[in-house]
Number of protein chains: 2
Amino acid sequence: MKVLIVEDDLALAGVLSYTLRQAGYEVSSAYDGQAALDAWQAESPDLVILDLNLPKLDGLSVCQQIRSRSDTPIIILSVRSDEDDVVRGLELGADDYIAKPFSPRELLARVQAALRRLGSTVIPGPLTAAGITLDRERLELHRPGFDPVQLSALECRLLEILMLESGHVVPADALITAVWGPYGTDRTALKQLVYRLRRKIEDDPSAPTFLETVPGVGYTIASDIS
Amino acid sequence: MKVLIVEDDLALAGVLSYTLRQAGYEVSSAYDGQAALDAWQAESPDLVILDLNLPKLDGLSVCQQIRSRSDTPIIILSVRSDEDDVVRGLELGADDYIAKPFSPRELLARVQAALRRLGSTVIPGPLTAAGITLDRERLELHRPGFDPVQLSALECRLLEILMLESGHVVPADALITAVWGPYGTDRTALKQLVYRLRRKIEDDPSAPTFLETVPGVGYTIASDIS
DNA sequence: AAAAAGCGTTACCGGTCTGTTACCAAGCCG
DNA sequence: CGGCTTGGTAACAGACCGGTAACGCTTTTT
């Protein structure tokens with residue numbers, strides 16, 4: 001996993017770099033906006049950590065440029081006074097932000113979350129739980145006795161989370177965050193996704209036997225095969 | 001929520017302890033590095049507040065040791081001259097730091113933030129008391145010989161409290177505070193809630209056998225199985 | 001270029017949850 | 001004995017929630 005750090009404060013960049021390397025990431029750095037774009041094209045990293053205050057080319061512009069050309073996850077670094085810019089950055093398609101000062105540990109957590117969310121990360125071996133198997137590469141669901149079902153990317157991610165937590169109830173908020181990122185808000189989208197997923201995998205959506213609702217809390221899939 | 005305070009300045013430790021206790025945390029203290037590790041193992045706190053300047057065993061070492069064995073959030077206390085150590089502490093996996101001098105309010109805010117960040121994953125296991133089992137994840141009540149009963153969020157909270165105090169009488173005021181918070185509502189709401197809960201779980205609401213009323217005081221559930 | 005699929009959004013409907021008001025029965029006290 | 005408090009019951013209304021449908025925009029496929 002390659003991470004590009006765009007930060008003009010060399011001390012901070014050093015800390016970030018050290019932390020990420022420790023965690024097993026491959027790290028490259030850029031110290032101004034123009035260099036950032038060059039490095040991005042040269043390295044095609046899997047994730048970008050982007051300071052907003054940059055020499056030569058503004059961080060927001062960098063964000064926009066990158067986003068216009070790819071889906072690479074972007075995490076914005078900001079100081080408190082940048083609040084407006086953060087909002088604009090998120091609107092421009094950044095995935096998350098961290099306000100300075102922050103702990104490397106927190107950064108690491110966000111990097112991992114962002115990579116996990118984009119699904120690009122995990123070299124997905126098939127995931128088996130609750131009696132079913134999810135082929136995350138082909139977005140296919142396999143169930144004994146049924147034909148394989150073709151899933152969309154979002155459906156696959158939703159199912160993946162529920163399977164990883166199989167036997168436990170996953171709160172709706174947690175699902176939203178895990179699927180749409182920290183700024184996904186609307187529960188309606190989740191309702192929709194669950195509904196569409198149920199129609200694909202279940203014979204009778206009105207009496208779900210597999211993907212169950214826990215009213216007021218969230219959703220769950222049974223861990224045991226009944 | 002348990003907090004471990006590691007601070008050799010007794011006066012400061014006292015202030016910290018007082019502040020946190022006021023806010024409803026359970027607090028334990030250690031006054032040197034070695035004692036900190038011992039206390040940490042003995043108490044398994046939910047969060048550690050760690051001074052860096054400690055007798056016997058350096059704060060950074062304590063941080064490292066704790067982090068190598070668990071994800072317990074750590075907040076570093078430091079004086080301005082410690083800056084380098086703070087950075088090292090954060091690299092070692094601390095979650096946040098506070099520079100002395102600080103206000104109690106700031107401390108509380110950081111503690112809460114740290115707990116919120118990592119602690120949201122605390123899943124309550126099933127609670128068993130008085131012969132019944134409460135599945136707090138699914139809001140379900142299980143009783144031997146009966147079908148599981150679906151509860152609402154409030155009903156579940158009420159039952160949880162009574163079960164935790166099973167065998168004792170819980171005053172009505174205490175119940176209201178525990179369920180609706182410090183700005184609790186009328187007793188009528190409690191009457192309602194009890195009534196509705198009884199109808200869900202009891203065959204004969206007019207002669208309650210499980211959730212009993214203690215007139216003029218509150219409610220209780222028997223601790224023994226009758 | 002046309003068709004299909006993915007997905008966010010709005011709207012609607014029926015259900016449950018829950019605070020409130022009202023009423024009744026029982027106990028306490030002067 | 002009559003007023004008062006306390007607890008149970010009923011009924012209602014507003015809020016919230018989850019499932020469903022339909023629309024439209026975008027992306028992918030054909």
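Predicted, not measured: the structure shown is a model, and the values here were computed from it.
- Side chain of B:R198, nearest nucleotide from C:dT18, D:dG8, D:dA21: D:dG8.
- Within the 4.0 angstrom heavy-atom criterion, no nucleotide atom of any strand lies near B:L193.
- Nucleotide C:dG6 holds its P atom 15 Å from the CG atom of A:L158, rounded to whole Å.
- Side-chain proximity of B:Y219 to the nucleotides C:dG19, D:dT20, D:dG8 is greatest for D:dG8.
- Between A:L154 atom CG and D:dT27 atom P there is a gap of 14 Å when expressed in whole angstrom units.
- Rounded to whole angstrom, the span from the CZ atom of B:R157 across to the C1' atom of C:dT18 amounts to 13 Å.
- Within the structure, every side-chain polar atom (N or O) of A:K191 is placed at least 4.0 Å from both OP1 and OP2 of C:dA11.
- In this structure, the side chain of B:K2 does not engage the main chain of B:L47 through any donor-acceptor pair within 3.5 Å.
- Separating the CZ atom of B:R199 from the C1' atom of C:dC17 is a distance of 13 Å, rounded to the nearest angstrom.
- In this structure, B:R143 satisfies the cation-pi test against B:F146, with its NZ or CZ atom closer than 6.0 Å to the six-membered ring centre and inside 45 degrees of the ring normal.
- Counting to the nearest Å, the C1' atom of D:dG18 and the CD1 atom of A:I176 are 13 Å from each other.
- Nucleic acid contact class of B:S152 (heavy atoms, under 4.0 Å, all strands): sugar-phosphate only.
- Taking atom CH2 of B:W180 as the reference point, atom P of C:dT18 lies 9 Å away to the nearest angstrom.
- Contact annotation for B:R196: base contact, defined as any heavy-atom pair under 4.0 Å involving a base atom.
- The distance from atom CD of A:Q150 to atom P of D:dT28 is 15 Å, rounded to the nearest whole Å.
- A salt bridge links A:R187 with A:D173: the closest approach of a Lys/Arg side-chain nitrogen to an acidic carboxylate oxygen falls below 4.0 angstrom.
- The side chain of B:T188 lies closest to C:dT21 when the candidates are C:dG19, C:dT9, C:dT21.
- Within 6.0 Å of the OH atom in A:Y183, the count of heavy atoms belonging to other residues, nucleotides or ligands exceeds 12.
- Although no hydrogens or angles enter the test, the distance criterion places a donor-acceptor pair under 3.5 Å between the side chain of A:D9 and the main chain of A:L12.
- Under 4.0 angstrom from either OP1 or OP2 of D:dC17 there lies no side-chain N or O belonging to A:R187.
- Going from atom CG of A:D173 over to atom P of D:dC17 covers 10 Å, rounded to whole Å.
- Residue B:T213 places its side chain closer to D:dG7 than to any other of D:dG18, D:dG7, C:dT18.
- Base engagement by A:Q192 is indicated by at least one non-hydrogen atom pair under 4.0 Å involving a base atom.
- Picking from D:dT20, C:dG8, D:dA10 the nucleotide with the shortest atom distance to the side chain of A:Y195 gives D:dT20.
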